[in-house]
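The residues of the chain are indexed from 1 along the displayed sequence. Note that the coordinates shown come from a computational prediction; the quantities given were computed from them, not determined experimentally.
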Amino acid sequence: MFIRKVKLEDYLSIKNLAKKFKLNVYRKKDWINIWKNNPYLKKDKKIFVTGWVLVNKKKIVGHIGNIPTQYSHNLKSYNGSVISCWVVEPKHRLHAVRLIKEFVSQENKDFFIATSSNEKTAKTLSIFGWKSMPAKDYNKKLYIILNTKNVVRGYIKKKFFYSNLVINKILYYFVKIFLKNKITYWKNFEIKNKIEICHKFCSDFDNLWEKLKTNKKKIFLFKRNSEWLNWHLGNKVKNKEAFIVVKKSNNVITGYAICVFKKIKELGIKKAVLVDLVSLEDNTQSYLDLILYSIKQSENHKCDLFEIVGFNENKRKIIKIIKPFEKKSKFSPFLFKCNNLNLNKILLKKEIWDPSEIDGDSIY
């Protein structure tokens, strides 16, 4: 049993290992893009380990991915790494710790984050000194139901492992009668400013980022210039797996929302996830307009659910004006570990976070 660095030709073995445990794996071209086109690696021509594999008798039985990321706080850049696809065969789980030790032993890293941890992963990381990201609401997902029939059918299938037409109809009519006002409540609000679709992350986003990182310098922010946004989400927008809506003032972008489409195949449900929400104006109407337009776009794309994960207290307070449903998990999937002592003190304060699924690998 030994550990080595990931090679390009390991992709299929890693994918097959992950699928055994129902973990999402990037398509191969996206998997390559993560490291080949990462702005930090391209700019400084860094040699970067893409991950480590645990090998037993020439067979890959464990893997941990290592995604480079960069954040800004007080106009200073910080380099970090994101855990991706940490998976080990059950009979070799005792060696999983060896993989995480390799991960956190990297030099020149200010912080490490994990944003898609399951309950066991979260407990294991906590034992080794990782902290839960202090914005506690990250484990409370908010939902707008767009297709009640499909959501009811999916809910029954998840709870009872099969779909029954009679039960579906009974529950559907119950929901339709007793929860109608809550389901359609968002439709009571009007979009008061002009919002439009944007088809790519152009130089306008660079101008917005320069203002944002100054105006929000006290927030720990994932870099949002066009280069980083294109690396993270450009292919999804290009392949129509995501959309961008923007608000402009004098033909200049002052805010935007990004949504990514995801499918829950086993339940037959399609959802749009709000992965980023930004506004220089930082007021209720600006955020509401971007959210409402995003919901309507999701409805036009035949989504069954509109999902919202994370965001700071101010944004969540505004989002709750439209009365979304809320589902709380037993734990938060977002954890961090920090080697930079000064940064660590900062990251322990919940007010410096504005977390969403643009952080980490949650969007994949």
Listed once per pair and sorted, the ring pair (Phe, Tyr, Trp, His ring centres under 6.0 Å) pairs that draw on residues 125-146, sequence neighbours left out: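 Checked against ring pair (Phe, Tyr, Trp, His ring centres under 6.0 Å) - neighbours excluded - the pairs reaching residues 125-146 are Y138-F334.
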Pairing residues for K15 by the side chain to side chain donor-acceptor pair (under 3.5 Å) criterion, not counting sequence neighbours: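 Side chain to side chain donor-acceptor pair (under 3.5 Å) list for K15, sorted by chain: empty.
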Taking only residues two or more places apart in sequence or in another chain, which ones pass ring pair (Phe, Tyr, Trp, His ring centres under 6.0 Å) with [X]?
X: F331; value: none
X: Y185; value: F189
X: F336; value: W353
X: F2; value: none

For the residue pair [Y] / [X], report whether a side-chain donor-acceptor contact shorter than 3.5 Å exists.
X: T121; Y: N118; value: yes
X: T115; Y: D359; value: no
X: N239; Y: N235; value: no
X: N340; Y: Y78; value: no
X: S13; Y: D10; value: no
X: Y71; Y: N79; value: no

Please output the side-chain donor-acceptor pairs of residues 192-209 that fall under 3.5 Å, not counting sequence neighbours, one pair per line with the distance.
| unit_1 | atom_1 | unit_2 | atom_2 | d |
| --- | --- | --- | --- | --- |
| N193 | ND2 | D289 | OD2 | 2.7 |
| D206 | OD1 | S226 | N | 2.8 |
| D206 | OD1 | S226 | OG | 2.9 |
| D206 | OD2 | S226 | OG | 3.1 |

Residues that K238 engages under side chain to side chain contact (heavy atoms under 4.5 Å, CB included), provided they are two or more places apart: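 Not a single residue meets the side chain to side chain contact (heavy atoms under 4.5 Å, CB included) criterion with K238.
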Could I get the full list of salt bridge (charged side-chain N to carboxylate O under 4.0 Å, His left out) partners for [X], not counting sequence neighbours?
X: K149; result: none
X: K320; result: E326
X: R27; result: D30, E241
X: K350; result: E313

Within 45 degrees of the axis of the six-membered ring of F261 and under 6.0 Å from its centre: does K270 put its NZ or CZ there?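 The answer is yes, since K270 meets both limits relative to F261.
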Taking N56 for its side chain and K59 for its backbone only, find out whether a donor-acceptor pair lies under 3.5 Å.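 Between the backbone of K59 and the side chain of N56 there is no qualifying donor-acceptor contact (under 3.5 Å).
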